[in-house]
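Chain naming here is simple, since letters A, B, ... match the order of the sequence lines and numbering starts at 1 in each. All values derive from a computational prediction rather than experimental measurement.
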There are 2 protein chains.
Amino acid sequence: MTNTLSLIPSGIDTYRQAVVYMNEDCHICRAEGFSAQARIRIDLSDRWIIATLNVVARGGWLAVDEAALSTSGWEALGAQLGARGHFSHADVPFSASSIRAKAYGRRLDQNSFSAIIQDTLDNRLSDLHLAAFITSCAGDRLSESETVALTRAMQTAGETLDWGGAVVLDKHCVGGLPGNRTTPIVVAIIAAAGQLIPKTSSRAITSPAGTADTMEVMAPVALDADALRKVVELEGGCIVWGGGLNLSPADDHFIRIERPLDFDSTGQMVASVLSKKAAVGATHVLIDMPVGPTAKVRSTEAAAALGVRLKLVGAAIGLNVTLHQSDGSSPVGRGIGPSLEARDVLAVLRRAQEAPLDLRGRALDLAGKLLDLAPGARAGRGRREAEALLDSGAAEAKFLAICTAQGGFREPDAAAHRIEITAGVSGQLIAIDNRLIARIAKLAGAPRQKSAGVRLLARTGDQVIKGQPLYEIHAETPGELAYSAGYAESHSNVLTLSEAAK
Amino acid sequence: MTNTLSLIPSGIDTYRQAVVYMNEDCHICRAEGFSAQARIRIDLSDRWIIATLNVVARGGWLAVDEAALSTSGWEALGAQLGARGHFSHADVPFSASSIRAKAYGRRLDQNSFSAIIQDTLDNRLSDLHLAAFITSCAGDRLSESETVALTRAMQTAGETLDWGGAVVLDKHCVGGLPGNRTTPIVVAIIAAAGQLIPKTSSRAITSPAGTADTMEVMAPVALDADALRKVVELEGGCIVWGGGLNLSPADDHFIRIERPLDFDSTGQMVASVLSKKAAVGATHVLIDMPVGPTAKVRSTEAAAALGVRLKLVGAAIGLNVTLHQSDGSSPVGRGIGPSLEARDVLAVLRRAQEAPLDLRGRALDLAGKLLDLAPGARAGRGRREAEALLDSGAAEAKFLAICTAQGGFREPDAAAHRIEITAGVSGQLIAIDNRLIARIAKLAGAPRQKSAGVRLLARTGDQVIKGQPLYEIHAETPGELAYSAGYAESHSNVLTLSEAAK
């Protein structure tokens, strides 16, 4: 075959984007008229990928008869060194015209969303197309029926777990509240109560830590569906990374684009949450919505509108959705960042002296509501039951058992580099900006650097004196520490102090 | 300095995206916590760039103490082999939050647009951010005042040519009509009439050829501002590529993203057109809007709305804008693609037998209207004057003189590979789909392959018989010819034939 080249790994990590490197003198580039940024289909026996072309100058590291693949492209194609791949123009993806229509403000139907999801999974759409799709849905640009269609498309593109008709509980937090890491505690309590809760979580999108990031510092989370099933059959619950399964698999492609853009949309958020819940086989879902001026949901009206959308879309796909509004005015616990949050979680489960009371209280509220949801439960008894399971040590034992079943428990690491940020004046701490404190944790390296982040040393309402430490930045490298501290020092509005009247 | 590395060119063409390749064992990656997709600032004496990080595995082509740059990054930094660049985290661009606000549907002010344009020119915004900005403005999502603000931001970010208060004519076509290459003819006529017309044109965004692409097959178009001024002082007119000047320079960044996305927006189109006209120093601008079901403007109502926006924004920035609606139902001339269109242009200027009458008529209409616009002109006399200048050979002579002044005239090349597409039935040719015929020309390689495209062998209204050639596909490579022909053969609705009644 004339349109084949020897495949080699380039060793270039492009962060999950499939890139193919071809020599500028390559005969296929000439015959097919390929130039940089072209989208190229590469077939190797029964597998294929679509990759973006980068052209390597003659005389460089790439031979004329070779094509090198980025790390993610190499893995996706499952290539062996020197295998001959077949190269051709990638077809214009059908769904690109649907994305254009959506960008122009038109409504899309089920078929259009299904095509977008399938082309996303097949990597037919470029990152620019995905950015355009996400932007075209941003804010409130997806209608209810479009959200239902997107949810169905996302769910049915992957697998759905089957629990044989059992009641399956699940919870989700809309996010935006740093340190609000209730999930490991809630799962431990619910499983200790004998209910099923096969919890899958995501990594951070725009926050310093997702539940999967936090859990990962205590136990392996990248389980496949069979391993998940074994853990749940053994212990009643699990806390695993959803991206390691094939449940609503398009979501991770969107997250890859949403993260650098730093935004998502109501419709995509609803579709992301509910498609995963439906795929995991949940029957009853409790959704925690922290409301506050700097949380993701900023007012009770916005929470109510989002709640309506979640309930309606849930009902349309057969999920019983219950909503729970909570206080989203300040971060929860002390730690912000995977390891720092894990230490708060462990302190609560271990009933340690320094356990943050707010995190404990929130976890008990949610676990209680979930226990009340189970068919046959005596309403209003859940919270007391949850408290008993936590205080008796049953939840801690269950959490360790789940970690063991997932591959083994480990203590979270501590960061090598720290700096304290102190109060510039004396006064009462009246506000902590969730977004700014999250940004500082991210600049310090969270969530990629697991032990990086922020540790709060003062809470809203505290009286502090000038020079008193307000929070500590943790980083794994001096460069990140300096970068984050520089940002913190140039933003005096991260924490608001009311100066005492003179 | 510890945060420096030796800079080398990677020889990798990423199509204008600045990418930096660093070794996974590089001490800066470790100290700063850089990982793939991070945005990194590289300083070299008084120049700097922002680049996206790709990480190269140890043992590969990149040494630990080296950083390699993509071709465009290398050029932008003006680096010498082995120079020590300084590496740091790129600041979060201020304008990213404005793009997020726009994606969420909020209105932006002058400062926000100016910041977006400056960050675009400084390459602080990633391609994903630019795709999000373009999508957030798509369709009709920019208000009139936002369009004025964007236009001003785009103009003032670059240079503005000064013609000492003279009347300066200019024309623009909204596009979407394949083969409608009137500009070279109009400029030749206007300059032959003794008026000033310093015409800058763009390369194709979503079409098979822009005027700059077409002109480039006949004469150099990449002139700088001094060279442009000399050509216009000598000949009264020019036809050069606007991207080679520093006139509204952000536009080319947007085009780089719009091209693969295959869409733009009303507001951005108005800002793109008028910022360039203002920057070139025009005083009177004629805008041709072809209207047809498959043209860019699909109805007279849409044309009127766009016209109002163009006139109002023009007035706000001090431009006298006149509108001209034309028939946009079918392609103009015979050729679609840079060289094929250039041959039509030359045939008209040379008064050749095979010169397409429709292209000639349109060029005369526009030149006539432009001559009428000039202060002191006797209205209604322009078209006759234009016709006289064309028929006398004065326009041809002026065109050749302009080409000579720009660097020398050359005849367009012909493509090596051709295939005829024939009629499947006998009947009257009642419609040609502008978008589909343009796509076929693009799949054949236009505009990157200059001689690629489509040559129409039948016109709307013709009676054709089964098996008669309808059009010819031209390509520079067999692969592109096969790809385009395959698309043509699977789309029977490119040309519509009404079968004769039996």
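The backbone N or O of A:Y487 lies less than 3.5 Å from a partner atom in the side chain of A:S490, making a donor-acceptor pair. Judged purely by atom type and a 3.5 angstrom limit, B:T52 has no side-chain atom pairing as donor or acceptor with the backbone of B:V19. Formation of a donor-acceptor pair under 3.5 Å by the A:D433 side chain with backbone atoms of A:N493 is not found in this model.
The two atoms that bring B:L81 and B:P9 nearest to each other are CD1-CD, 3.5 Å, heavy atoms only. Considering every non-hydrogen atom in both B:L108 and B:S98, the closest pair reads CD2-O, 3.5 Å.
Heavy-atom distances place the side chain of B:R448, and not its backbone, under 4.5 Å from chain A. With a 4.5 angstrom heavy-atom cutoff, A:A96 does not touch chain B via any of its atoms. Within the 4.5 angstrom heavy-atom criterion, atoms from both the backbone and the side chain of A:D91 approach chain B. Heavy atoms of B:S10 lying under 4.5 Å from chain A belong exclusively to its backbone. Both the backbone and the side chain of B:S136 come within contact range of chain A, with heavy atoms under 4.5 Å apart. With a 4.5 Å cut-off on non-hydrogen atoms, B:Y21 touches chain A through its side chain but not through its backbone.
By a heavy-atom distance cut of under 4.5 Å, B:G11, B:I12, B:D13, B:T14, B:Y15 are the residues of residues 11-18 of chain B near chain A, going up by number.
Annotation: maximal heavy-atom pairing with chain A below 4.5 Å, among B:S126, B:A138, B:A103, occurs at B:A103. The candidate from B:K102, B:H129, B:E24, B:R39 with the greatest count of non-hydrogen atom pairs under 4.5 Å with chain A is B:H129. Note on B:P260, B:A482, B:A475: by heavy-atom pairs under 4.5 Å with chain A, the leading option is B:P260.
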Might you work through the side chain to side chain donor-acceptor pair (under 3.5 Å) test for A:S265 and A:R141, ending with a clear yes or no? CA-CA 8 Å; A:S265 75; A:R141 292 213 174 101; over 6 Å; no

Would you please test A:F133 and A:F254 for ring-ring contact (aromatic ring centres under 6.0 Å, His included) and show each step? CA-CA 9 Å; A:F133 176 59; A:F254 295 144; 5.7 Å; yes

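With no hydrogens or angles considered, no side-chain donor-acceptor pair links A:T477 and A:Q449 at under 3.5 Å.
Evaluation of the side-chain contact (heavy atoms from CB on, under 4.5 Å) rule for B:D25 yields B:N23, B:R30, B:R58, B:V64 as partners, not counting sequence neighbours.
No side-chain heavy atom of A:F87 sits less than 4.5 Å from a side-chain heavy atom of A:T4.
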